[in-house]
Amino acid sequence: MTRTESEGTAVRRAVCPGSFDPITNGHLDIIARAAKLYDEVYVAVMINKSKQGLFAVEERIDLIRQVTGEYGNVRVESFHGLLVDFCKQRDIPAIVKGLRAVSDFDYELQMAQMNNGLSGVETLFVPTNPTYSFLSSSLVKEVAAWGGDVSHLVPPAVLSVLRERLTRP
């Protein structure tokens, strides 16, 4: 039984933030693992107006909803600004981040310390499944643009849209 505030028990919430342009199997692995640990998991799709993504934010949200629909406790929303503000507005005390390598840790530790200092929000680091330790959205887009096979790196729904987008004149 899922705990609810109406039952007097706090709902355990976490957020998995990112640009998800596009969502990869590595992202999906972290989201799935968070969905097992928390009652509600928000996937927060970052809006960066200074960066042009391959997919519009609305497209990313739709794709993420498609590939996370089976979990039942995952919500997908966009955000701009500070992640801690997104967390405060939704009473989310924890950020879940996947770490691929030591180089990720250096940057993510600074962000975690800043976020905690600003708002008290905790960051939990989840080691990435070794199968996806090299994987990034940028790498997927680059390999796919050159005709490489990325079918094992993204969910089928994403692969279809990615191929269509990259073959469009």
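Residue numbers start at 1 and run along the sequence shown.
In terms of modelled atom types and a separation under 3.5 Å, the side chain of Q89 and the main chain of F86 share no donor-acceptor contact. No donor-acceptor pair closer than 3.5 Å links the side chain of D29 to the backbone N or O of T128. Of the possible donor and acceptor atoms, none in the side chain of R60 sits under 3.5 Å from a partner among the backbone N and O of P22. Within the 3.5 Å criterion, the main-chain N or O of H152 finds a donor-acceptor partner in the side chain of N25.
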**Message:** One pair to check against salt bridge (Lys or Arg N to Asp or Glu O under 4.0 Å): R90 and E77. What are the steps and the verdict?
**Reply:** CA-CA 11 Å; R90 290 157 185 81; E77 296 182 16; 2.7 Å; yes

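Connectivity analysis of hydrophobic side chains (ILVMFWY, heavy atoms under 4.5 Å, direct or indirect) links L99 to F105, L109, F125.
The shortest distance between side-chain heavy atoms of L139 and T24 does not fall below 4.5 Å. Residues V15 and V41 are not in side-chain contact: their nearest non-hydrogen atoms beyond the backbone lie 4.5 Å or more apart. Residues V45 and F55 have side chains not in contact (no heavy-atom distance under 4.5 Å, counting atoms from C-beta outward). Contact check for T123 versus N116: no side-chain heavy atoms found under the 4.5 Å cut-off.
Counted by atom type alone, Y42 and R75 present one or more donor-acceptor pairs between their side chains at under 3.5 Å. Side-chain polar atoms of D62 and Q66 form a donor-acceptor pair below 3.5 angstrom.
Residues forming a salt bridge (Lys or Arg N to Asp or Glu O under 4.0 Å) with D104 (at least two apart in sequence, or on another chain): R100.
For residues 141-161, every residue pair satisfying the salt bridge (charged side-chain N to carboxylate O under 4.0 Å, His left out) rule, not counting sequence neighbours, is listed here: D21-K141.
A salt bridge is defined here as a Lys NZ or Arg NE, NH1 or NH2 lying under 4.0 Å from an Asp or Glu carboxylate O, and R13 with D91 meets this definition.
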